[in-house]
Amino acid sequence: MAEEDRPKEEAQNEWAQKAWRALSAVRRQSPLIQCITNFVSMDLMANTLLAAGASPAMLHSLQEIPDFTPQAHALLINVGTLSDAWLPAMKSAAEFATQSGRPWVLDPVAAGATGFRLKACLELVGLRPTVIRGNGSEIIALSKASLGATQGVDSIHESVDAMEYAKSLAKASGAIVAVSGAVDIVTDGQQVVGARNGVAMMQRITATGCSVTALIAAFVAVDPLHALEATVLALSVFGVAGEMGMEMAKGPASLRMHLIDSLYGLDQPAVLSRINITSLS
Amino acid sequence: MAEEDRPKEEAQNEWAQKAWRALSAVRRQSPLIQCITNFVSMDLMANTLLAAGASPAMLHSLQEIPDFTPQAHALLINVGTLSDAWLPAMKSAAEFATQSGRPWVLDPVAAGATGFRLKACLELVGLRPTVIRGNGSEIIALSKASLGATQGVDSIHESVDAMEYAKSLAKASGAIVAVSGAVDIVTDGQQVVGARNGVAMMQRITATGCSVTALIAAFVAVDPLHALEATVLALSVFGVAGEMGMEMAKGPASLRMHLIDSLYGLDQPAVLSRINITSLS
Amino acid sequence: MAEEDRPKEEAQNEWAQKAWRALSAVRRQSPLIQCITNFVSMDLMANTLLAAGASPAMLHSLQEIPDFTPQAHALLINVGTLSDAWLPAMKSAAEFATQSGRPWVLDPVAAGATGFRLKACLELVGLRPTVIRGNGSEIIALSKASLGATQGVDSIHESVDAMEYAKSLAKASGAIVAVSGAVDIVTDGQQVVGARNGVAMMQRITATGCSVTALIAAFVAVDPLHALEATVLALSVFGVAGEMGMEMAKGPASLRMHLIDSLYGLDQPAVLSRINITSLS
């Protein structure tokens, strides 16, 4: 190893140690995560949280939110199968979470796809999520709309191209913003961190993006004062589980199974040797 | 074997024979089970019923219940993702089932978590379910509320601690009450039976509890006059499938797969050698 | 081989070549398929489309349809967990698809089970689906009702018995009609084609029928001018994936996994050697 690589390697080791401590904290504390999410993702999301040691609660009824949301350690809102019947509960839960000092995480699925959806996402962003995680297109659509720029349905964007939009959205919203892609990037508007774990085939399984956003909520729940770090670590841990699952997978369906098994069984050596996080700012 | 163990062993053998006969009846008759259940559980519940030989029908529309519910051989109501939009259909289906002389089974998920939910569960209990199955916290919350005791969100209770509450709820409601736990207990208010099959990791898979409640509905459908027995047998058969699945599993996701495969392939020798049921009263 | 079998074998080869070209086109073009489907099927349907190379979008909100449906390359409507809250969106999406010149495919789940459901299905048939796919009972119920014949809940019908009803429905509706069964049959009212791939255990997995209807939408999306052919090919390709999955499966849950893995990995030799399609008219 060259002399100049030492500080980089030390930083990597530090991130890996943090990842292991964060996962251990989730397993030990088993935070209760309320999920108001789309119908497609509920099964995999609940199983992801259970495999990581957290306690999922899929509960979306407007009548129950005043009683329930303050009990949860974090809240996840995902607009995938949005409807006007569910939107009021999403907003109410976001408000109760904020009032109760609980972190909440927004997954603005397909934010730019329709006017109704973009407006709903902007309203939710206005309720001050702790973290926003999306793909490049979603973050760009939200960022442009937050800044009043011309809107429209975006084509595929690589996450690295979305970095500037993510920083703008973070500054405008006060949220940590994460953009999934070949490299996941996470920013608070100033600092930018890249998480490089994961495999491409995870995109061929529905709801992996939704599920990692729920995992972010679990990681932020056990370390709410370090939301940027917790977001990076959750993305990386899920990516490591995907890499380990991929070693046994024969296609997307077996990857889905092995990913969850790997997340459940993840041990310290695997985390320490595989975590790949670097500062990009 | 000591002389005094003979009656116990004979009782075990009798239960095992009954379990095999009940599973065979489900496979032969393929009862139609209407499920009004939460969004998270629908996939695993339908696959559990199919693997056991039953015919699931997820149908929750208020308009269809008068036509459909009397055709079903049993009804399952699970309040997991409860909303005021679904509650009227749950109540209507319960009434049509009772009027048609069909058994129906209630899964009061998170009964004590909110006031809205507890009230809804109590209303459903008032519509005379044949069986109520929950975990310790849920049964205790329902039992206390049925008796007018002070309510509140209960912490984790082991099923054995819940036995007295289960008996009270059974007496107050007229339902068979089952409490899942390390040992599943089933009571009609007088008799108490313990079902000891199953593995702990099943709790790390979402909707296994929901799915076994649907399986109870299938077992009660083919033997409605012996609902206590049918409930015990369904819990045990599902537990045996879990034990056999666990022998092949590497984590919760592969356990989920092997559990369903095992339920589908369950044969007489496995049932006879593994069923572990004992009278506790 | 006998001399007289040559033309039959050549026809088989032609179908197999077409199947490979169609699957390749789906993989290459990755058509966006809007799915308004039942809650049970969403996960497997999305994963089926992803495994085949298509892009699923589960989006059912009435407010979003005017913006979104014209962007989709095809629309799938499945009435499995029908409710009056969802029916207007189904109708609106069907109308927007037709107005935009997009193909749309109807899965009339349990069409004859209730009066509400049959009426809804007939209204949807009136909105001119490109393809209707159901099992024998569903197609017979729809066909009888379309012709004003006496209705009622039909018992199990084999697909071959349903052939005449399928032809009548195709003529009355203008749609391609597909009937799943031991042999899948597809007709435009004149021509009838039989697709013989698949394995019986696929019926023990919930949502395989729903998922193959979505796959039909993807195949029609990339070849809208040959909807009969595209329907036959989608059914056959899914059936081949099921056959290959069955070679590794130990039960319905592992079949489900291997089916999706096989669909993802399907290569030209497997398609060419396995496709089994014959003209029945």
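This structure is a prediction, so every number in the text was calculated from the model and none was measured. Residue numbering restarts at 1 for every chain, and letters A, B, ... go by the order of the sequence lines. Computation of the quantities below employed the complete heavy-atom set of this structure, encompassing side-chain atoms and omitting hydrogens, waters and symmetry-equivalent molecules.
B:M201 is listed as a side-chain neighbour of A:Y264, based on a closest heavy-atom distance under 4.5 Å.
Pairing each heavy atom of A:I260 with each of B:P252, the nearest pair is CG2-CG, 4.4 Å. Across every non-hydrogen atom of A:H60 and B:S83, the tightest pair is NE2-CB, 4.0 Å. Across every non-hydrogen atom of B:G251 and A:D261, the tightest pair is C-OD1, 2.9 Å.
Counting heavy atoms of neighbouring residues, nucleotides and ligands inside a 6.0 Å radius, atom CZ of A:F68 exceeds 12 of them. For B:E243, the CD atom is densely surrounded, since the number of other residues' heavy atoms within 6.0 Å is greater than 12. Around the CZ atom of A:R274, the shell of radius 6.0 Å holds more than 12 heavy atoms that belong to other residues, nucleotides or ligands.
Note on A:M257, A:R256, A:M58, A:E64: by heavy-atom pairs under 4.5 Å with chain B, the leading option is A:E64.
A distance of 6.5 Å separates CG in A:L59 from OG1 in B:T114, rounded to the nearest 0.5 Å. Here the CZ-CD1 distance, from B:F116 to A:I65, works out to 11.0 Å after rounding to the nearest 0.5 Å. With values rounded to the nearest 0.5 angstrom, A:H258 atom NE2 is found 5.5 Å from B:K250 atom NZ.
Between the side chain of A:Q63 and the backbone N or O of B:R117 there is no donor-acceptor pair closer than 3.5 Å.
Against chain A, the residues from residues 38-54 of chain B that qualify, each with a non-hydrogen atom under 4.5 angstrom away, are B:F39, B:V40 in number order.
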